[in-house]
Amino acid sequence: MDALWLTFSIPLLFSSLVWSGYLEYDQDVLIPEDWTRVGRVDPAEELELTFALKQQNVNLLEETLRWVSDPDSAQYGKYLTLEEVASLVRPSELTHKVVRHWLHSHGITNCLTVRTEDFLQCTMTAEVAEKLLPGSRFNRYIRDGQSLVRSSAPYSVHDDVHQHLDFVGGLHRFPPKGQDLRKEQKSSKEGIHLGVTPVILRTRYNLTAADVGTAQNNSQAVAQFLEQYYHPADLAEFMSLFGGSFQHLSQVDRVVGTQGGGKAGIEASLDIEYIMSTGANVSTWVFTNPGRHESQEPFLQWMLLLSNMSDLPWVHTISYGDDEDSLSTAYMMRINTEFMKAGIRGISLLFASGDSGAGCRHLGKEQNSFRPSFPASSPYVTTVGGTSFKNPYKVTYEVTDYISGGGFSNVFKMPDYQVSAVEGYLKTVAAKLPPQSYYNVSGRAYPDMAALSDNYWVVINRVPVPWVSGTSASTPVVGGMLSLVNDHRLLKGLPTLGFLNPRLYKLKGQALFDVTEGCHLGCLDEQVQGQGFCAAPSWDPVTGWGTPNYPALLAALLSE
Ligand SMILES: *[C@@H]1O[C@H](CO)[C@@H](O)[C@H](O)[C@H]1NC(C)=O
Ligand SMILES: *[C@@H]1O[C@H](CO)[C@@H](O)[C@H](O)[C@H]1NC(C)=O
Ligand SMILES: *[C@@H]1O[C@H](CO)[C@@H](O)[C@H](O)[C@H]1NC(C)=O
Ligand SMILES: *[C@@H]1O[C@H](CO)[C@@H](O)[C@H](O)[C@H]1NC(C)=O
Ligand SMILES: *[C@@H]1O[C@H](CO)[C@@H](O)[C@H](O)[C@H]1NC(C)=O
């Protein structure tokens, strides 16, 4: 701790009695080990902070989303435009007035808003930010050449504005580290392993050469937040090596955000190459590193973009997640509302379930629990788990990939659409369930479905690379197939699939290949010995309802 700081800490301690409003009292403010503090930010340096204003009618938004996503409702598919969403959730006049007045009184006038008027993004110096948000203390951190500004201590807001804000973005939450997606091959004695390519996927999921997109206004997107880039030349080479047998595009139609230079990342290449292989010939967009400033949170910036663009792709796949316990409840609740805002517009959001199985959190000496991941645990997204071929040398049926993320949220309660599916599972496997202290049986259970996640071929920096694995592979594979279903729906003049889960759970596994073998990872301790949950007939918290049998899924999802 530097000496200068001490002279300020006493008045700040005193003032924290007056400024008692912590919006994110349960936000983890520890600096992740892989980030190194460079030093305090210069007081004159400009920061960009994001203010999430309290919205109106969130209950009505949730209820309406339920109607428009329920295939048995007369409101099914009656989606809202961005303007209609705005008139529903737009913060009250009072909220706007109070927040603006608070900002103005600190000399902050340089703010941008979004079409729904529920976020403000303001520029101010670090000195002003620390006065505005008592307790905050801005430092610069670096990791692998990436530089960020974050606060090392929790912030508070004035009592007057406390009830008008959900949270302030740009102080906490470091970007998670990308997973190592290359699994080293353990033993190659038995010869060449079957690598997953577009042809293998299309064979397994019964996609014929005719199953490509044809609708004019259909589109799909991948969103990436890991300072990674895809190279157009890699995509072109991937398609020339692996795309021979079906009509496909070899170019992305639109890049939103900043595509940096430098080397391509495996994650970035994987997402794009595979969404364009199952969702073949469908116009594809890439949302990439939307944070333009060191103090922004890229994932949050992407959420703002969705609220600021009236014309968006219908399917988005996102390979991004963080431990629920590292995020504040206020933040997760608000992001969950942002997911509802997308769903009610007919947009499908698919998140990877994560690559650590049930996860593990150390609570104390010899006391562990599983560790759910967010946004995978949000009830308003479709979460995708992972599988492998039973026989790794052949296109056979699928079993659990032991890395497949899954479990029960500690934050979101179980949504109605999945209650009977989860109850069925708990009954079926009752005797073999992990101890109850490891998970929260009343929480939102995930994933919802799955696809192959093991041994993919990817082209990166012009080189074909084998053995790439993770649910970041299975997610775009499912996303592309949902885009093909949307394609047929659009051609028939039907609304898009939107938020899929209520409809998916009503299928009760029809049109999906049920995955019934294998368990995923859990805590390495005496009680569970490295094991989380196990797959079982019907829905399970490892592979959801299973993997898509495309022609059957299309038939099941093509009626009104
Ligand atoms: C939202 O879009 C409008 C233009 O349509 C732009 O003026 C505004 O700055 C954008 N908001 C943010 C936060 O970028
Ligand atoms: C789809 O694939 C499965 C297994 O690969 C096969 O049994 C089935 O007959 C195929 N066709 C259809 C239309 O489901
Ligand atoms: C590919 O999509 C376009 C519309 O974007 C369509 O005109 C074309 O017919 C499609 N190609 C095939 C082979 O279906
Ligand atoms: C839909 O079509 C319109 C008009 O051609 C175009 O401007 C828009 O970008 C398309 N939307 C998407 C999401 O592809
Ligand atoms: C379990 O989940 C519920 C919401 O579904 C939540 O209220 C409760 O706090 C959670 N319990 C634990 C121990 O996290």
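Whatever order the structure lists them in is the order used to number ligands and atoms, beginning at 1. As the structure is a computational prediction, the values presented were derived from the model and not from experiment. Along the sequence shown, residues are numbered consecutively beginning with 1.
The shell of residues lying under 4.0 angstrom from ligand 5, judged by heavy atoms, includes Phe412. For Phe513, the closest heavy-atom approach to ligand 2 falls below 4.0 Å. Distances shorter than 4.0 angstrom occur between a heavy atom of Thr113 and an atom of ligand 1.
If you check which protein heavy atom lies closest to atom 2 (O) of ligand 1, you get Asn308 ND2, 2.3 Å. With hydrogens left out, the protein atom closest to atom 9 (O) of ligand 5 is Asn410 O, 4.2 Å, a heavy atom. Of all protein heavy atoms, the one lying nearest to atom 13 (C) of ligand 2 is Pro551 CG, 3.9 Å. For atom 14 (O) of ligand 2, the closest non-hydrogen atom on the protein side is Asn549 ND2, 3.0 Å. The closest protein non-hydrogen atom to atom 5 (O) of ligand 5 is Lys413 CA, 3.3 Å. The protein atom (non-hydrogen) at minimum distance from atom 3 (C) of ligand 2 is Asn206 ND2, 3.6 Å.
Backbone and side-chain nitrogen or oxygen atoms of Asn440 are examined, and one is located within less than 3.5 angstrom of a nitrogen or oxygen of ligand 5. Polar contact with ligand 1: absent for Arg115 (N/O pair, distance under 3.5 Å).
Relative ring orientation between Phe533 and Tyr439 is described as perpendicular, the plane-to-plane angle rising above 60° on a 0-90° scale split at 30° and 60°. Using bins of under 30°, 30° to 60° and over 60° for the plane-to-plane angle, the ring pair Phe51/Trp102 lands in the perpendicular bin.
Relative to the ring axis of Phe299, Arg173 does not place its NZ or CZ within 45° and under 6.0 Å from the centre. The side-chain tip of Arg202 points at the ring of Phe246 from less than 6.0 angstrom away and within 45° of straight on.
Listed for the Ser404 side chain is no donor-acceptor partner under 3.5 Å among the backbone atoms of Gly357.
Atom 11 (N) of ligand 2 is flagged as protein-proximal [any protein heavy atom, distance under 4.0 Å]. Checking atom 7 (O) of ligand 2 against the protein gives no heavy-atom contact under 4.0 Å.
If you look at Tyr550 and Tyr205, their ring centroids are not closer than 6.0 Å. A distance of 6.0 Å or more separates the ring centres of Phe412 and Tyr446. Here Phe499 and Tyr380 bring their ring centres to under 6.0 angstrom of each other. Aromatic rings of Tyr331 and His172 (six-membered ring for Trp) have centroids beyond the 6.0 Å cut-off, not under it.
One side chain, Glu24 or Tyr155, offers a donor N or O that lies under 3.5 Å from an acceptor on the other.
By the criterion of a heavy-atom distance under 4.0 Å, neither the backbone nor the side chain of Val395 is placed next to ligand 2. By the criterion of a heavy-atom distance under 4.0 Å, neither the backbone nor the side chain of Tyr397 is placed next to ligand 2.
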